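What follows is a set of notes on a single structure, which appears directly below.
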Amino acid sequence: MAEAEDTKSLWRLYSTNKGDKALRDRLILTYAPLVKYVAGRLGSGLPAHVDEGDLVSYGLLGLIGAIERYDPDRDVKFETYAIARIKGSIIDELRAMDWVPRSVRARARDIERAIAELERKLHRAPTDDEISDKLGITTDELEESLTDISRSSIGALDELWSVNTGGGDSVALIDTIEDTDAPDPQGSLSQTEMKEAIGEAIARLPEREKLVVTLYYYEELTLREIGEVLGVTESRVSQLHTKAILRLKARLSGATTRASLEH
């Protein structure tokens with residue numbers, strides 16, 4: 001309790017002395033564990049050559065920006081605000097490196113497009129066999145493609161954590177789970193509609209994919225831990241995770257298109 005009061009006092013001091021570097025540095029030290037947490041979560045799905053220390057460095061830039069821009073008088077917890085900025089800073093740096101091969105990006109788009117077309121036609125989630133037939137490849141080749149995409153999953157993680165509504169706003173999937181202790185957000189109509197679309201899209205996922213999304217994003221288990229729960233390998237969980245993301249992107253893309261036509 002005393003620690004919480006100390007942090008509140010620190011924020012009060014900093015809000016009236018924005019240029020005080022010593023106060024800012026104390027806040028950075030206080031919230032540094034958030035950077036480690038976000039870097040660890042993002043790093044768990046990335047190739048081995050991506051160093052977690054680099055992710056922490058990128059995330060620190062986001063934390064500093066969050067501290068400098070945060071308004072303690074607003075009805076938003078600093079941790080919630082900071083995590084979004086830390087995550088965005090890490091993802092921006094990784095995207096600037098552009099280490100995802102173009103062929104992998106193209107393959108992900110092809111699978112996403114095939115899923116979207118099949119869903120429109122079948123009015124349900126297509127099976128692996130149906131997706132493979134649509135793409136003119138075998139199910140083994142589809143699984144190999146999903147593995148390649150999952151190794152470059154920062155883009156997928158970004159899309160899943162933060163979905164752009166097309167109007168400049170972003171909706172984080174984590175925000176679609178109700179927080180009974182939080183005040184009602186004063187979001188725009190487009191954000192509300194997109195949150196509903198995300199919730200519906202998750203509900204319509206095949207059971208195992210829905211379970212992977214729930215355990216990873218909401219229960220915060222690692223891919224390895226999810227593998228233990230499901231009794232499958234970590235690489236299989238990674239494939240299920242990637243497939244779920246591509247399905248969600250396909251559905252949300254359709255939802256955004258429909259919303260823009262209706263408005």
Side-chain angles (χ1 to χ4, degrees), residues 45 100-167 169-177 189-218 226 230 232 235-263:
V100 182
R102 243 180 238 175
S103 59
V104 174
R105 292 185 198 274
R107 213 172 313 161
R109 284 195 298 271
D110 288 343
I111 296 172
E112 183 187 331
R113 197 175 300 121
I115 290 170
E117 290 176 9
L118 286 167
E119 289 215 337
R120 280 196 294 272
K121 179 182 174 184
L122 302 170
H123 305 292
R124 60 168 171 80
T127 65
D128 286 2
D129 286 338
E130 289 166 339
I131 297 168
S132 301
D133 287 344
K134 178 73 174 171
L135 293 166
I137 60 176
T138 66
T139 52
D140 285 345
E141 287 172 328
L142 175 62
E143 288 195 1
E144 189 180 325
S145 292
L146 291 170
T147 298
D148 289 341
I149 296 164
S150 70
R151 289 192 186 123
S152 307
S153 64
I154 189 65
L157 281 169
D158 181 28
E159 291 296 336
L160 192 50
W161 271 100
S162 182
V163 180
N164 196 283
T165 63
D169 295 322
S170 290
V171 179
L173 272 188
I174 200 70
D175 292 335
T176 66
I177 294 298
L189 178 63
S190 61
Q191 283 186 316
T192 302
E193 289 173 346
M194 184 54 76
K195 283 188 181 185
E196 288 172 358
I198 291 169
E200 287 172 11
I202 293 172
R204 288 170 54 202
L205 285 173
E207 284 305 314
R208 281 164 79 81
E209 292 172 34
K210 189 196 304 179
L211 186 56
V212 169
V213 169
T214 303
L215 292 176
Y216 187 81
Y217 289 97
Y218 304 138
I226 295 170
L230 297 180
V232 297
S235 62
R236 179 59 183 150
V237 175
S238 189
Q239 287 179 346
L240 289 167
H241 171 254
T242 300
K243 206 183 331 175
I245 289 166
L246 293 174
R247 286 191 203 277
L248 289 169
K249 287 177 67 180
R251 284 185 192 150
L252 295 171
S253 173
T256 305
T257 302
R258 284 194 300 276
S260 64
L261 288 173
E262 287 167 6
H263 292 295

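Please read all numbers here as calculations on a predicted model, not as lab measurements. Values reported hereafter were calculated over all heavy atoms of this structure, with side chains retained and with hydrogens, waters and symmetry mates removed.
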Between the main-chain N or O of Thr147 and the side-chain N or O of Ser150, is there a donor-acceptor pair closer than 3.5 Å? yes
Counting only N and O atoms by type, is there a donor-acceptor contact under 3.5 Å from the side chain of Lys210 to the main-chain atoms of Ala203? yes
Side-chain touch Thr242/Ile111, heavy atoms, less than 4.5 angstrom: no
Flag, side chain of Arg251 to backbone of Ala201, donor-acceptor distance under 3.5 Å: yes
Test: Glu112 and Arg109 ion pair at under 4.0 Å: no
Among His241, Gln239, Arg247, which residue satisfies the side chain to side chain donor-acceptor pair (under 3.5 Å) criterion with Glu209? Arg247
Between Asp110 and Arg113, is there a salt bridge with N-O shorter than 4.0 Å? yes
Heavy atoms only: give me the nearest Ala114-Lys134 pair and the separation to one decimal. CB-CG, 3.7 Å
Assess whether side chain to side chain contact (heavy atoms under 4.5 Å, CB included) is satisfied between Asp128 and Lys243, documenting all intermediate values. CA-CA 10 Å; Asp128 286 2; Lys243 206 183 331 175; 2.8 Å; yes
Is Arg208 close to Val232 at the side-chain level, that is, under 4.5 Å between some pair of heavy atoms? yes
Rounded to the nearest 0.5 Å, what separation is found between the CG atom of Leu205 and the CG atom of Leu248? 4.5 Å
Restricting to salt bridge (Lys or Arg N to Asp or Glu O under 4.0 Å), what partner residues turn up for Glu144, sequence neighbours left out? none
Regarding Arg124 and Glu130, does a basic nitrogen lie under 4.0 Å from an acidic carboxylate oxygen? yes
Passes side chain to side chain contact (heavy atoms under 4.5 Å, CB included), Ile245 versus Ile149? Steps please. CA-CA 11 Å; Ile245 289 166; Ile149 296 164; over 6 Å; no
Could you measure the distance from the CD1 atom of Ile226 to the CG atom of Leu230? Nearest 0.5 Å is fine. 7.0 Å
Value rounded to 0.5 Å, distance of CG in Leu246 from CD1 in Ile131: 8.5 Å
